[in-house]
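The figures that follow rest on heavy atoms only: side chains count, while hydrogens, waters and symmetry mates do not. Chain A is the first sequence line, chain B the second, and so forth, proteins listed ahead of strands; every chain is numbered from 1.
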Amino acid sequence: MMEAGPTDKIDILLVDDREENLLSLEVVLTCPEYNLIKASSGTEALRYLLDHTPALILMDVQMPELSGFETAALIKKSQRTREIPIIFITAISSEEKFVHRGYDEGAVDYIYKPYDTHILRSKVAVFAEIRRQQTRVARMAALQQTATQALAETQGAQPAVLKVLKAACTTLGWDLGLYWTPDGAGALVCSGVWQHPAREARRFVEDSLRARITETSGLPGRVWEARAPAWAMDLLREEGSSRLSVAAEDGLRTAMAVPIATQGEPLGVLEFCARRKLPEDPALLQCLEAIGSQIAQVLKRTQAFERVRAAEADAQEAVRVRDEFLSIASHELKTPITALKMMIQVTQRGVKPESGMGPTPEKLAKILETSSRQVDRLTRLVEDLLDVVKIRAGKLTFNLEEVDLAEVVREVCEQYGDALSAAKCSLALQLENNVVGSWDRSRVEQIVINILSNAIKYAPGAPIVIEVNKVDAGARLQIQDQGPGIAREQQARIFERFERAISSRNITGLGLGLFIVKQIVEAHQGTIRIDSQVGKGSRFTVELPCAQPMLAAKEPSMSASLSHLSRSNVFQPAPRA
Amino acid sequence: MTATPAKKILLIEDDDVIREVMKELLESEGYQVTCAINGDEGLKALRCEELPRLILLDMTMPVKDGMQFREEQIQDARLSQIPVVLMTADGDVAAKTLKVGAKCFIRKPFDIDVVIRTVEEYCA
């Protein structure tokens with residue numbers, strides 16, 4: 001049962017015209033639980049009842065002016081006081097007609113003078129208990145309503161739970177409420193406290209805010225683990241929890257806790273402490289458990305809402321990245337097209353078939369050479385775009401064959417000779433011979449081209465060093481420039497789609513090169529990393545295993561003959577977060 | 001063409017090929033063309049040479065783009081009155097033109113006839 005708080009005394013109204021009778025009732029009934037109000041006439045009693053609702057009225061029948069029966073009749077007329085039980089105390093007689101009259105006027109019982117003090121006390125105690133039960137049910141209903149309202153009206157789960165803690169403590173007469181939530185690392189942490197301003201338990205609260213409660217320690221831990229409410233009746237005797245002994249030192253005597261759970265899924269714990277020593281109250285625990293489940297539903301709704309909001313933000317970001325990319329792609333594709341179109345039109349203007357006039361062969365050769373370069377530029381852009389589409393669909397195709405890495409590097413450098421000299425980049429090659437592996441030749445070329453063309457683009461006028469070495473069971477390619485370098489916090493991002501370390505308007509290109517390189521390297525079971533310092537340049541290191549483990553594992557008998565076989569394989573690039 | 005001195009044009013464009021072909025085209029039409037490879041070079045050219053009748057301005061360029069070039073040009077009283085024609089592949093070029101207060105735009109890839117007509121209009 002729930003014990004009444006110190007301010008929860010039961011009001012009992014005593015009505016008698018004789019002072020000595022009132023005194024004797026007072027002597028018999030005086031106890032700390034009752035608040036006895038004396039009235040010496042029916043009128044006085046009615047006046048008191050105008051703004052009070054005592055748990056019980058003990059009333060003399062025979063009084064001057066208003067008799068007990070008449071007073072009772074008036075009490076019963078008022079909506080508010082109608083339900084107050086009345087016990088008549090009478091010395092008149094036990095004649096039936098009086099008794100009937102009394103019951104007709106709303107009496108619940110009779111006590112005859114001279115009364116047995118023990119019987120009187122017992123009868124009063126029954127009505128006091130009824131009042132306590134009524135109060136308790138009303139409070140729990142009020143709490144339930146307050147909680148529902150707070151959860152419905154308050155923005156954010158945390159402030160709503162704090163309101164519930166406060167409502168529970170003030171309505172039920174408890175001193176302190178704590179809100180425990182999982183910290184994601186297997187422990188409960190206190191994420192909200194309400195305490196009675198006049199009855200603070202400072203040390204206990206400080207201790208609780210610092211605590212990390214594991215599933216088996218402490219009251220909240222036990223409740224979390226069992227998904228069931230628990231009650232600690234005497235904190236002075238609680239063992240195994242230093243937190244609760246601090247509570248006891250702070251003057252707290254009783255603690256209870258209920259899970260915040262819905263459909264068996266726990267999301268937190270509510271814990272309450274009181275200074276009074278209170279016996280376990282299953283009905284109260286049930287009421288709070290229901291509130292806990294309500295909170296859990298709100299939390300789940302909030303979490304779902306936040307997930308939706310995060311997804312929306314992600315989608316918006318994806319749209320933004322796409323739009324920016326489209327703008328870059330549009331610029332990149334239209335630039336060579338513009339150049340081509342202009343050259344064609346200018347040439348057309350110079351050609352006069354009717355007079356046999358036209359550009360000189362030298363001029364024509366230059367125009368065709370430049371046009372051809374524009375077509376190459378367009379082709380590379382389109383290929384990069386198609387590669388990204390393939391990567392996204394997980395369908396990059398690889399034709400594995402025996403490839404000499406040093407040879408590939410030499411070929412690419414030859415191809416890029418003009419670009420290197422135009423950018424005034426000197427090139428040093430340190431290539432170990434016979435670094436041979438089973439790779440896709442054109443994709444390995446792409447790796448070298450993309451990294452090298454980045455170096456030319458970002459580090460013009462500075463030397464570039466390319467190294468090829470054998471390492472363990474693989475090959476290592478290193479390309480080092482002396483460009484602006486890349487800040488540490490940006491180094492991981494450069495391998496993502498559309499990323500550039502330098503602000504986008506300063507450098508042309510789609511920003512896809514390193515993304516594609518990383519996908520190719522990973523599809524070959526290799527690794528790529530960057531070592532870079534701002535102002536000192538960057539070094540890209542690619543390591544590729546010489547044999548392709550995926551192939552070897554699948555078809556061990558074939559691996560030896562791979563050197564003279566060219567086979568097509570489709571494998572998925574490593575999944576991207 | 002008459003014997004009057006050639007009309008001067010400043011061409012700011014980062015793409016080598018486009019820049020060369022345009023220069024050749026406009027020179028064949030009798031204009032005197034100064035080239036710059038970005039907004040920064042363009043401003044330098046404006047500050048140390050005789051002022052041109054018209055500026056042809058690319059928008060997307062390294063170092064200093066078309067937008068940044070315009071901001072500085074407008075702030076310089078000596079340069080602010082020179083008309084500017086934007087050259088860009090951007091989809092929302094019309095909005096951009098308004099934003100930077102340019103006279104008009106030619107959209108890449110463009111017809112050389114349009115280039116010649118536009119230049120004639122502003123150098124007339």
Between A/Arg377 and B/Asp15, is the salt bridge (Lys or Arg N to Asp or Glu O under 4.0 Å) condition met? List the steps. CA-CA 12 Å; A/Arg377 196 167 147 193; B/Asp15 187 86; 2.8 Å; yes

Table please: side-chain donor-acceptor pairs of residues 334-349 of chain A below 3.5 Å, with sequence neighbours left out.
residue  : atom : partner  : partner atom : Å
A/Lys334 : NZ   : B/Ala89  : O            : 3.3
A/Thr335 : OG1  : A/His331 : O            : 2.8
A/Thr338 : OG1  : A/Lys334 : O            : 2.6
A/Gln345 : OE1  : B/Ile112 : N            : 2.7
A/Gln345 : NE2  : B/Asp111 : OD1          : 2.5
A/Thr347 : OG1  : A/Met343 : O            : 2.5
A/Arg349 : NH2  : B/Glu29  : OE2          : 2.5

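- Remark: B/Gln81 CD is loosely packed, at most 12 non-hydrogen atoms of other residues, nucleotides or ligands lying under 6.0 Å away.
- Contacts between B/Thr88 and chain A at a heavy-atom distance below 4.5 Å are absent for every atom of the residue.
- Residues forming a side chain to side chain donor-acceptor pair (under 3.5 Å) with B/Glu27 (at least two apart in sequence, or on another chain): B/Lys23.
- Summarising the geometry, atom CD1 belonging to B/Ile18 is positioned 7.5 Å from atom CD belonging to A/Gln374; distances are rounded to the nearest 0.5 Å.
- There is no contact between B/Glu20 and chain A, counting heavy-atom distances below 4.5 Å.
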Below 3.5 Å, can you tabulate the donor-acceptor pairs from side chains in residues 116-124 of chain B to any protein atom, sequence neighbours excluded?
residue  : atom : partner  : partner atom : Å
B/Thr118 : OG1  : B/Val114 : O            : 2.6

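- Within 6.0 Å of CZ in A/Arg488 there are 12 or fewer heavy atoms belonging to other residues, nucleotides or ligands.
- Of residues 356-371 of chain A, those residues with a non-hydrogen atom less than 4.5 Å from any non-hydrogen atom of chain B are, in numerical order, A/Lys363, A/Thr370.
- The parts of B/Met22 that come within reach of chain A are both its backbone and its side chain, each placing non-hydrogen atoms under 4.5 angstrom from that chain.
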